[in-house]
S.K.: 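I'd like to ask you about the structure that follows.
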Amino acid sequence: MPFAPALRSEWLKIRTLRSLVGGLTAVLLATAAFAALAGVDTDGPDFDPLYSTYFGVNFGQIAAIAFGTTAMSAEFRGGALRLSLAAVPDRTRWFAAKAAAVAAPALAVGLLTGLVSLAVGRAVLGSGDGPAWGEGVRAAVGCALYLTLMALLATGLTAVLRSGVATLSILVPFLLIVSFVVGDLSGGAADLLPDRAGQIALHHTWDGTLGPWTGLAVTALWTSAALAAGAWSIRRRDA
């Protein structure tokens, strides 16, 4: 089967599974809701109006990861992967179609999430304290790319582990515990963690060596490694 029909088939799976649609919806709702709550507290010399606007990404990324994990883990239940590979014998092509089917809606929802969060943040903070539109739109694009990369990271890791539970058991504690443990450290190894690097795009200023786009590039390297490992696993292991 050529790539285009394979992609269409994988998109139909995502569109018709309620859990996946719900995961994408949760990305928007969680991010916007926590952005509104974070925008209420403007005290402190280190207040960053841009990051306050996009603070909800810390929670929305969990939904993005759950979306990527569920989309891939569904193939390992009830012999679904064998059926998918029977239709698309080229395993690399099938995995590429799966990744593209995850990336496209994640990117669209991520961009919508970024723009809604910007509007919510400016409404809560006010035009005086809120981020400028130009900087905010840049962060909205960064938000979309970051959420997409995290969803694909989860997709690749799930292909390796072949278990949604195992993937979430690794990624969710990593994001909720490790990232908070390192806190506001910058300029060191902490900056190279996938979540820390990618979220630099959501800050007004940053003291580390990475910038908004180089930080996203680091996250993209993590994601590429996970997808490469996932593709290898799909090719080499029995369905």
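Numbers for residues simply follow the sequence, beginning at 1.
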S.K.: Nearest heavy-atom pair of Gly114 and Tyr54: which atoms, and what distance?
M.R.: O-OH, 3.0 Å
S.K.: Would you name the heavy atoms of Leu147 and Ala64 that are closest together and state the gap between them?
M.R.: O-CB, 3.9 Å
S.K.: Looking at side-chain heavy atoms only, is the closest gap between Met72 and Ile234 below 4.5 Å?
M.R.: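 They are in side-chain contact.
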S.K.: Report the residues that fulfil side chain to side chain contact (heavy atoms under 4.5 Å, CB included) with Ala26, sequence neighbours left out, ordered by chain and then residue number.
M.R.: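 Ala26 satisfies side chain to side chain contact (heavy atoms under 4.5 Å, CB included) with Ala63 only.
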S.K.: Run the side-chain contact (heavy atoms from CB on, under 4.5 Å) check on Arg15 and Val21 step by step: do they pass?
M.R.: CA-CA 7 Å; Arg15 190 179 67 183; Val21 176; 5.7 Å; no
S.K.: Out of curiosity, Ile14 CD1 to Ser9 OG, how far, rounded to the nearest 0.5 Å?
M.R.: 10.5 Å
S.K.: Once side chain to side chain donor-acceptor pair (under 3.5 Å) is applied, what residue pairs with a partner in residues 138-152 remain, sequence neighbours excluded?
M.R.: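 Checked against side chain to side chain donor-acceptor pair (under 3.5 Å) - neighbours excluded - the pairs reaching residues 138-152 are Gln61-Tyr146, Tyr146-Gln199.
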S.K.: Which heavy atom of Ala100 sits nearest a heavy atom of Leu7, and at what distance?
M.R.: CB-CD1, 3.7 Å
S.K.: Heavy atoms, side chains only, cut-off 4.5 Å: are Ile62 and Leu175 in contact?
M.R.: yes
S.K.: Indicate if Leu17 and Leu24 have the same hydrophobic cluster label, given that clusters are the connected sets of ILVMFWY residues with side-chain heavy-atom separations under 4.5 angstrom.
M.R.: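 Same hydrophobic cluster.
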S.K.: According to a 4.5 Å side-chain heavy-atom criterion applied to Ile, Leu, Val, Met, Phe, Trp and Tyr, with indirect links allowed, do Ile170 and Leu153 form part of one hydrophobic cluster?
M.R.: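 Cluster IDs for Ile170 and Leu153 match.
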S.K.: Using the test side chain to side chain donor-acceptor pair (under 3.5 Å), find all partners of Thr158 that sit at least two apart in sequence or belong to another chain.
M.R.: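 Testing Thr158 for side chain to side chain donor-acceptor pair (under 3.5 Å), a comparison that skips the adjacent residues, returns Thr167.
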S.K.: Nearest 0.5 Å, what's the CZ-OG1 distance between Arg235 and Thr92?
M.R.: 4.5 Å
S.K.: Rounded to the nearest 0.5 Å, how far does CG of Asp90 lie from CZ of Phe95?
M.R.: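 These two atoms lie 13.0 Å from each other.
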S.K.: Quick one: pull up OG1 in Thr69 and CG in Leu161 and give me the separation to the nearest 0.5 Å.
M.R.: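 One finds 9.5 Å between OG1 of Thr69 and CG of Leu161.
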S.K.: Between Gly60 and Thr31, which heavy-atom pair has the shortest distance, and what is it?
M.R.: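 Residues Gly60 and Thr31, closest heavy atoms: CA-OG1, 3.3 Å.
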S.K.: Going by heavy atoms in the side chains, are Phe174 and Leu193 under 4.5 Å from each other?
M.R.: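 Side-chain contact under 4.5 Å: yes.
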S.K.: Do the side chain of Ser233 and the main chain of Ala159 share a donor and acceptor less than 3.5 angstrom apart?
M.R.: yes
S.K.: Between Ala101 and Glu10, which heavy-atom pair has the shortest distance, and what is it?
M.R.: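 Smallest heavy-atom distance, with atoms named: CB-CB, 3.7 Å.
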S.K.: Using a 4.5 Å cut-off on heavy atoms from C-beta on, say whether the side chain of Trp94 contacts that of Pro89.
M.R.: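 Not touching, per the 4.5 Å side-chain cut-off.
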S.K.: Please list, chain by chain and in numerical order, all residues satisfying side chain to side chain contact (heavy atoms under 4.5 Å, CB included) with Ala197, sequence neighbours excluded.
M.R.: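 Ala197 satisfies side chain to side chain contact (heavy atoms under 4.5 Å, CB included) with Leu210, Val218, Thr219 once adjacent residues are dropped.
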S.K.: Indicate, with yes or no, if Trp232 and Leu81 share a hydrophobic cluster defined by side-chain heavy-atom contacts under 4.5 Å among Ile, Leu, Val, Met, Phe, Trp and Tyr.
M.R.: no
S.K.: So Asn58 and Tyr51, do their side chains get closer than 4.5 Å, heavy atoms only?
M.R.: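 A side-chain contact under 4.5 Å exists here.
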S.K.: Is the shortest heavy-atom distance from the side chain of Val120 to the side chain of Thr53 under 4.5 Å?
M.R.: no
S.K.: What about Leu29 and Val27, same hydrophobic cluster or not, with Ile/Leu/Val/Met/Phe/Trp/Tyr joined at side-chain heavy-atom distances under 4.5 Å?
M.R.: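 No, it is not one cluster - the side chains of Leu29 and Val27 are not joined through contacts under 4.5 Å.
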S.K.: Using the rule that Ile, Leu, Val, Met, Phe, Trp and Tyr join whenever any side-chain heavy atoms are under 4.5 Å apart, tell me whether Val102 and Leu107 fall into a single cluster.
M.R.: yes
S.K.: Is Leu12 isolated, or which residues cluster with it under the ILVMFWY side-chain rule of less than 4.5 Å, directly or via members?
M.R.: none
S.K.: Measure the spacing between OG of Ser117 and CG of Leu28 and express it to the nearest 0.5 Å.
M.R.: 7.5 Å
S.K.: Say you draw a straight line from OG1 of Thr155 to CZ of Phe67; how long is it, rounded to the nearest 0.5 Å?
M.R.: 7.5 Å
S.K.: Any salt bridge (charged side-chain N to carboxylate O under 4.0 Å, His left out) involving residues 60-80? Give me the pairs, sequence neighbours left out, ordered by first then second residue.
M.R.: Lys13-Glu75, Glu75-Lys98
S.K.: Give the intermediate values and the outcome of side-chain contact (heavy atoms from CB on, under 4.5 Å) for residues Phe55 and Leu50.
M.R.: CA-CA 9 Å; Phe55 179 77; Leu50 187 63; over 6 Å; no
S.K.: Could you pull out the closest heavy-atom pair between Ser19 and Thr70, with the gap in Å?
M.R.: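 Heavy atoms only, the tightest pair is OG-CG2, 3.7 Å.
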